[in-house]
Amino acid sequence: MANTGLQILGFALASLGWIGFIVCTAIPQWKMSSFSGDAIITAQATYEGLWMSCVMQSTGQMQCKTFDSLLKLDTTMQATRALMICGILAGFFAICIGAVGMKCLTCMQDDEVKKAKVGIVGGILFIIAGLCVLIATSWYGNKIAKDFYNAFTPSNSKYEFGPALFIGWAGAAMAILGGAMLCCSCPRNETSYPPPRSYNKNAPSTGKDYV
């Protein structure tokens with residue numbers, strides 16, 4: 001019963017992390033303009049994501065423009081896109097496979113060994129998905145930090161971490177933790193021994209009784 005609860009908790013945690021992957025990939029707030037320089041322009045704020053860049057006016061109006069060409073993007077942007085997509089796809093297959101291996105469902109209930117192995121595969125896929133997103137967001141965040149502390153970067157061209165990075169980091173942690181719970185919730189293989197032979201003490205003697 002405890003293993004079932006741990007499995008449900010891990011699956012729910014990893015699924016929430018996968019939803020965080022999608023939100024992180026879709027929103028444009030991967031990096032936002034920094035107001036650390038002398039010439040601060042507070043009338044507008046600039047955001048940039050994986051697919052578009054946006055400018056928000058002080059009135060609350062936001063204008064976004066998608067990137068025109070994939071080949072014009074730098075290597076970090078292209079690699080981050082690929083890793084995020086791989087993480088989302090791996091998370092999707094992890095949900096499908098992990099759901100089959102859940103003990104609370106009737107799928108493959110006649111073979112508990114195979115059902116446990118399927119649950120482990122789902123947990124491993126969740127961990128792989130979390131690692132893909134963790135590498136992508138950390139790589140992108142490292143580039144933002146390098147550009148921010150670069151002395152040759154103009155003050156009006158410096159960016160800081162956006163909310164999407166924090167969502168991605170949280171989602172990756174949840175997916176890795178949930179996948180580990182799925183792997184740990186499966187029972188270990190126990191060595192089966194033949195049952196001990198029982199002897200009847202009142203069994204009649206096979207020898208002949210002599211008077």
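- Residues Leu131 and Leu89 share a single hydrophobic cluster, defined by chaining ILVMFWY side chains whose heavy atoms lie under 4.5 Å apart.
- Using a 4.5 Å heavy-atom threshold, the side chains of Ile88 and Trp18 count as touching.
- Nearest heavy-atom pair, Gly119 versus Leu182, reported as atom, atom and distance to 0.1 Å: O-CB, 4.2 Å.
- A chain of hydrophobic side-chain contacts below 4.5 Å, direct or via other Ile, Leu, Val, Met, Phe, Trp or Tyr residues, connects Leu16 to Leu9.
- Closest heavy-atom contact between Gly122 and Ala94: O-CB, 3.6 Å.
- If you chain together hydrophobic residues whose side chains sit under 4.5 Å apart, Ile27 and Leu83 never meet in one group.
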Please evaluate residues Glu160 and Ile144 with respect to the criterion side chain to side chain contact (heavy atoms under 4.5 Å, CB included), reporting the C-alpha separation (whole Å), side-chain torsions for both, the decisive distance (0.1 Å), and the verdict.
CA-CA 7 Å; Glu160 295 182 357; Ile144 295 175; 5.5 Å; no
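- The two atoms that bring Gln7 and Gly101 nearest to each other are NE2-O, 3.2 Å, heavy atoms only.
- Residues Phe166 and Trp169 place their aromatic rings such that the two centres sit under 6.0 Å apart.
- Taking both residues in full, the closest heavy atoms of Val133 and Gly168 are given as CG1-O, 3.7 Å, listed atom of the first, atom of the second, then distance.
- Residue Gln29 holds its CD atom at 7.0 Å from CE of Met56, rounded to the nearest 0.5 Å.
- Expressed to the nearest 0.5 Å, how far CH2 of Trp139 lies from OG1 of Thr75 amounts to 7.5 Å.
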Derivation and outcome, side chain to side chain contact (heavy atoms under 4.5 Å, CB included), residues Ser53 and Thr46
CA-CA 7 Å; Ser53 59; Thr46 305; 5.6 Å; no
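- Judged purely by atom type and a 3.5 angstrom limit, Ser138 has no side-chain atom pairing as donor or acceptor with the backbone of Ile135.
- Using a distance-only test at 3.5 Å, with no hydrogens or angles considered, a donor-acceptor pair links the side chain of Trp30 to the main chain of Cys24.
- Looking at heavy atoms from C-beta onward, Thr80 lies out of side-chain contact with Lys143 at the 4.5 angstrom threshold.
- Connection of Leu50 to Phe67 is established within a shared hydrophobic cluster, with ILVMFWY side chains joined at heavy-atom distances below 4.5 Å, either directly or through further cluster members.
- The shortest heavy-atom contact between Met84 and Ala136 is SD-CB, 3.8 Å.
- Ile19 and Phe21 fall within a single hydrophobic cluster, where Ile, Leu, Val, Met, Phe, Trp and Tyr are joined by side-chain heavy atoms under 4.5 Å apart, directly or via other members.
- Contacts classified as salt bridge (Lys or Arg N to Asp or Glu O under 4.0 Å) and involving residues 46-64 (residues at least two apart or in different chains) are given here: Lys31-Glu48.
- With hydrogens and angles disregarded, no donor-acceptor distance shorter than 3.5 Å links the side chain of Lys158 to the backbone of Asp147.
- With 2.5 angstrom as the limit on SG-SG distance, Cys132 and Cys86 do not come in below it.
- Taking OG1 of Thr137 as the start and CD1 of Ile167 as the end, the distance is 11.5 Å to the nearest 0.5 Å.
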Hey, mind stepping through Met77 and Tyr140 against side chain to side chain contact (heavy atoms under 4.5 Å, CB included) and telling me if it holds?
CA-CA 8 Å; Met77 180 71 75; Tyr140 195 93; 3.9 Å; yes
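- Across Ile176 and Ile127, no two heavy atoms sit closer than the pair O-CG1, 3.9 Å.
- In this structure, the side chains of Val121 and Lys117 stay at 4.5 Å or more apart for every pair of heavy atoms.
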Side chain to side chain contact (heavy atoms under 4.5 Å, CB included) between Arg81 and Leu73, worked out:
CA-CA 11 Å; Arg81 279 185 175 185; Leu73 301 176; 3.5 Å; yes
